[in-house]
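See structure below.
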Amino acid sequence: TQLSTEEAQKKLEETAKENNIALPAENEINKKALKDFAEYANGLKNEGKIELNKPFEVVMEAEMAPDGKLQNPRFTKKAGDENLVDLFGRMIAALNDSGFLVYLKAISQDNPGAKVVITIKQGENEVLASVASEAASPKDAARLASGLNIALAYGAGSRKGKDEEVIMRNTSATPDGKNVVVNFSMPRQSVVDMIKKQLEPGV
């Protein structure tokens, strides 16, 4: 059944409450961190220092704080175009500083101090991103993944017509033993077009 944006938002809030998934309130998101990142990326673009089509891969590990933010983040792999590696490393930092990763709080509460592994990889045809974090048990991992998938489905419905809808519809959570793995996958050109749109003046 197709839900209206308002109905989807209500279902999202109900699902988040039932599954102990934190949803960021408007005043909890530090938009300055995201704006600063966008301005930095736009500066690189204007100077001709980034080519968004080039292949790269970054892997970052961190520990999860009680508020869902990443602590002690460090690169464990950098490969491919150096400017894109740096750019997407900064993007992860901006998302972390902004509080946008608050949905990870549910995992933090289940398994305090859990290790988080973030991978972003761009190949010739596809962009893949994943966030893997360890829950307290395989049962908890399955429960958390199920709750996140329901929240993603309703979240997409509540963001109709926006880039967030596209991202959420291309994201899913799966349990892998004790790990909860959140995977995002989209055709490379679609991601490049989305990023270019964000870098346009006035967006």
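One-based numbering along the sequence shown.
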Discussion item. Does atom CD (E82) have a neighbourhood of more than 12 heavy atoms from anything else shown, all under 6.0 Å?
Written reply: no
Worksheet item: What's the spacing between F56 CZ and D86 CG if we round to 0.5 Å?
Response: 11.0 Å
Item to complete: Only counting residues at least two apart or in another chain, list the ones meeting side-chain contact (heavy atoms from CB on, under 4.5 Å) with N72.
Response: E63, R74
Taking only distance into account, with no hydrogens and no angle test, what donor-acceptor pairs under 3.5 Å do side-chain atoms of residues 142-152 form with protein atoms, sequence neighbours excluded?
from: R143; atom 1: NH2; to: D110; atom 2: OD1; distance (Å): 3.4
from: R143; atom 1: NH2; to: D140; atom 2: OD1; distance (Å): 3.3
from: N149; atom 1: OD1; to: A173; atom 2: N; distance (Å): 2.7
from: N149; atom 1: ND2; to: A145; atom 2: O; distance (Å): 3.3
from: N149; atom 1: ND2; to: A173; atom 2: O; distance (Å): 2.7

Worksheet item: Under the side-chain contact (heavy atoms from CB on, under 4.5 Å) test, which residues partner T76, sequence neighbours left out?
Response: V59, E61
Response to the item:
Across all chains, not counting sequence neighbours, the ring pair (Phe, Tyr, Trp, His ring centres under 6.0 Å) partners of Y154 are none
Worksheet item: Looking at M60 and I92, what are the two nearest heavy atoms and their distance?
Response: SD-CG2, 3.8 Å
Fill in: Residues in salt bridge (Lys or Arg N to Asp or Glu O under 4.0 Å) contact with K49, at least two apart in sequence or another chain
E47
Worksheet item: What residues form a side-chain contact (heavy atoms from CB on, under 4.5 Å) with A65, not counting sequence neighbours?
Response: D67, Q71
Practice prompt. Quick one: which residue pairs count as a salt bridge (Lys or Arg N to Asp or Glu O under 4.0 Å) with a foot in residues 145-159, not counting sequence neighbours?
Written response: none
Worksheet entry | Pairs where residues 166-177 contributes a residue and the test salt bridge (Lys or Arg N to Asp or Glu O under 4.0 Å) is met, not counting sequence neighbours | E165-R169
Item to complete: Please name the pair of heavy atoms, one in M91 and one in I120, separated by the smallest distance, quoted to 0.1 Å.
Response: CE-CD1, 3.8 Å
Discussion item. Looking at every heavy atom in both P73 and A62, which two are closest together, and how far apart are they?
Written reply: CA-CB, 3.8 Å
Discussion item. Can you list everything that forms a side-chain contact (heavy atoms from CB on, under 4.5 Å) with V116? Sequence neighbours excluded, please.
Written reply: M64, L70, I118, V131, S133
Discussion item. For a 4.5 angstrom cut-off between non-hydrogen side-chain atoms, does L84 reach F88?
Written reply: yes
Show me, pair by pair, the donor-acceptor contacts under 3.5 angstrom made by side chains of residues 177-187, not counting sequence neighbours?
from: S185; atom 1: OG; to: E126; atom 2: OE2; distance (Å): 2.6

Worksheet item: Considering residues at least two apart in sequence or located in another chain, which fulfil the salt bridge (Lys or Arg N to Asp or Glu O under 4.0 Å) criterion with K78?
Response: none
Discussion item. On a heavy-atom basis, which atom in V127 and which in Q122 lie closest, and how many Å separate them?
Written reply: CG2-OE1, 3.4 Å
Worksheet item: For the residue pair G157 and K160, what are the closest heavy atoms and their distance?
Response: O-CG, 3.2 Å
Worksheet item: Does the side chain of Y40 reach to within under 4.5 Å of the side chain of L87, using non-hydrogen atoms?
Response: yes
Item to complete: Taking all non-hydrogen atoms of both residues into account, name the closest pair between T171 and I167 and its distance.
Response: OG1-O, 2.6 Å
Fill in: Partners passing side chain to side chain donor-acceptor pair (under 3.5 Å) against E51 (at least two apart in sequence or in another chain)
none
Item to complete: Report yes if some heavy atom in the side chain of E7 is under 4.5 Å from a heavy atom in the side chain of K11; otherwise report no.
Response: no
